[in-house]
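Here is the structure we will look at, set down as structure tokens.
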Amino acid sequence: MEGNADASVRRNTKFAYMVNAPLIIYMMCVLAVPMIWGISLSFTNKTIGGGADFIGLKNYITLLQDKEYLNSLLNTVKFTFFSIAGKLVFGTLMALALNVKFRGRNIVRALLLIPWTLPNIVAVLNWRWIFAATGGIANYLLKGLHLIDQDLIWFGSAGLAMTTIIMANVWRGTPFFGISILGKLQTIPGDYYEAAAMDGANIFQRFWYVTLPEIKDVILLSMLMSTIWTINEFESVWLLTGGGPNGSTEVMNVFSYKTAMTSMQLGKGIAVSVLAMPVFMILIYFLSKKMLGEEETKRRKKA
């Protein structure tokens with residue numbers, strides 16, 4: 001019996017490799033080879049249009065002593081933290097609101113998905129208009145509410161500029177949290193809430209003791225995935241502020257781009273991305289572990 005089982009496992013393994021061989025080859029060509037090539041360039045003084053001489057760890061040592069690079073890391077942490085916090089809060093509120101039955105709910109769901117489905121360049125241009133110093137709707141509304149007396153220069157102040165890119169990122173990413181959490185909310189049996197209500201739990205207690213434990217896994221997965229996307233954010237920040245003013249919104253990817261393309265120090269620019277790889281590997285590890293763990297739990301329940 002054991003021999004037959006071993007033979008079956010070998011056949012299944014061989015079949016799995018045969019089926020996945022095209023995918024493995026494709027991944028090697030478009031992912032592994034470019035990644036190895038890029039990492040090798042990070043150990044050189046490669047410039048755009050120039051040669052590449054091996055310089056060892058000099059790029060990495062220079063970066064770790066570079067105040068502008070260290071500032072970009074701090075900006076990335078602030079941008080990511082407040083963006084994820086905002087998306088979590090508004091995404092949860094969105095999911096709770098859409099989980100309530102009301103007329104036109106499906107239309108509202110479709111409308112709230114628009115920020116996530118819009119081309120990023122369209123969204124960025126809208127935000128540039130909203131926060132424009134002259135003729136921008138943000139200044140118009142604030143003056144209409146008598147909160148300010150003169151126009152704010154949103155992209156000219158360090159604090160305001162960081163606020164604008166965070167708001168734009170939260171607006172765009174909230175639907176992902178909302179739809180993910182909503183999907184889980186709709187699987188929670190109504191009996192749980194009825195039992196909690198019979199025990200005298202108010203709406204906040206029902207959320208804390210019934211809803212939150214049920215959706216915490218989805219929240220964690222959404223936060224992990226969104227953290228990876230937010231750390232990798234480049235296009236919105238570059239188009240809104242260009243990293244300014246005075247580097248106050250210069251996140252890691254903007255610094256990498258400016259180093260590689262503007263300063264033409266390609267090797268040093270790639271080294272910035274290589275230094276971030278351990279963080280992404282840790283996040284991907286926890287994300288994969290969580291997702292595979294849930295799949296295993298579901299498989300056991302079915303069995």
Side-chain angles (χ1 to χ4, degrees), residues 76-102 105-106 108-118 120 123 162-163 165-197 199 201-233 236 251-252 276 278-302:
T76 303
V77 171
K78 289 192 294 185
F79 172 63
T80 303
F81 176 80
F82 288 108
S83 294
I84 296 299
K87 284 183 277 191
L88 174 60
V89 171
F90 290 111
T92 303
L93 292 175
M94 172 183 168
L96 292 172
L98 293 180
N99 196 43
V100 178
K101 293 182 179 180
F102 59 89
R105 181 172 63 170
N106 291 333
V108 174
R109 287 179 180 178
L111 291 175
L112 288 175
L113 277 175
I114 289 177
W116 201 30
T117 57
L118 272 180
N120 204 24
M162 178 61 77
T163 301
I165 63 173
I166 290 173
M167 289 180 65
N169 189 267
V170 170
W171 176 81
R172 186 168 178 81
T174 293
F176 169 71
F177 277 76
I179 295 302
S180 299
I181 296 172
L182 177 62
K184 183 63 178 179
L185 284 175
Q186 294 183 333
T187 67
I188 302 176
D191 296 344
Y192 291 4
Y193 294 104
E194 293 175 6
D199 289 337
N202 57 38
I203 186 171
F204 298 105
Q205 290 173 325
R206 291 198 294 271
F207 172 78
W208 187 260
Y209 292 107
V210 179
T211 305
L212 191 58
E214 291 290 326
I215 65 174
K216 64 180 181 180
D217 289 341
V218 172
I219 287 176
L220 179 59
L221 283 172
S222 300
M223 288 178 66
L224 284 172
M225 293 182 69
S226 188
T227 298
I228 295 172
W229 296 337
T230 307
I231 292 176
N232 273 313
E233 185 62 58
S236 297
V251 294
M252 179 185 64
V279 177
F280 290 119
M281 291 174 68
I282 292 171
L283 290 172
I284 292 171
Y285 167 77
F286 283 111
L287 181 61
S288 302
K289 184 177 180 181
K290 189 67 180 175
M291 293 178 71
L292 292 174
E294 287 189 352
E295 289 180 3
E296 181 64 20
T297 301
K298 291 178 181 177
R299 186 186 65 81
R300 289 178 178 176
K301 288 181 177 179
K302 290 180 179 179

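With contacts defined as side-chain heavy-atom distances shorter than 4.5 Å, the pair L112/P175 does not qualify. Residues V170 and I166 meet the side-chain proximity criterion, which asks for heavy atoms closer than 4.5 Å. Side-chain contact check for Q205 versus D199: every heavy-atom pair is 4.5 Å or farther apart. For the pair E233 and N120, the minimum side-chain heavy-atom distance is below 4.5 Å. A 4.5 Å side-chain heavy-atom check between F82 and N169 finds every atom pair outside the cut-off.
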Please list, one pair per line, the donor and acceptor atoms closer than 3.5 Å that link side chains of residues 88-99 to other protein atoms, with sequence neighbours excluded.
unit_1: T92; atom_1: OG1; unit_2: L88; atom_2: O; d: 2.7

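From L113, atom CG reaches atom CG of L118 across 11.0 Å, with rounding to the nearest 0.5 Å. Taking CG of L220 as the start and CG of L224 as the end, the distance is 4.5 Å to the nearest 0.5 Å. Considering CG of N232 and OG1 of T76, their distance stands at 10.0 Å, rounded to 0.5 Å. Annotation: the span from W171 atom CH2 to S236 atom OG amounts to 9.5 Å, rounded to 0.5 Å. Note that CG of N202 and CZ of F207 are 12.5 Å apart. Values are rounded to the nearest 0.5 Å. Taking CD1 of I84 as the reference point, atom CZ of F79 lies at 9.0 Å (rounded to 0.5 Å).
A 6.0 Å sphere centred on CD1 of I203 holds no more than 12 heavy atoms belonging to other residues, nucleotides or ligands. Atom CZ of F81 sits in a sparse spot, with 12 or fewer heavy atoms from other residues, nucleotides or ligands closer than 6.0 Å.
In this structure, T80 contributes its side chain and V77 its backbone to no donor-acceptor pair below 3.5 Å. Without hydrogens or angle criteria, R206 side chain to Y192 main chain gives no donor-acceptor distance under 3.5 Å. Under a 3.5 Å cut-off, the side chain of T187 and the backbone N or O of K184 do form a donor-acceptor pair. Here the side chain of S180 pairs no donor or acceptor atom with the backbone of S222 at under 3.5 angstrom.
A donor-acceptor pair shorter than 3.5 Å can be found between the side chains of T211 and Y193.
Pairing each heavy atom of K87 with each of S226, the nearest pair is NZ-OG, 2.9 Å. Residues A123 and R172 come closest through the heavy atom pair CB-NH1, 4.1 Å.
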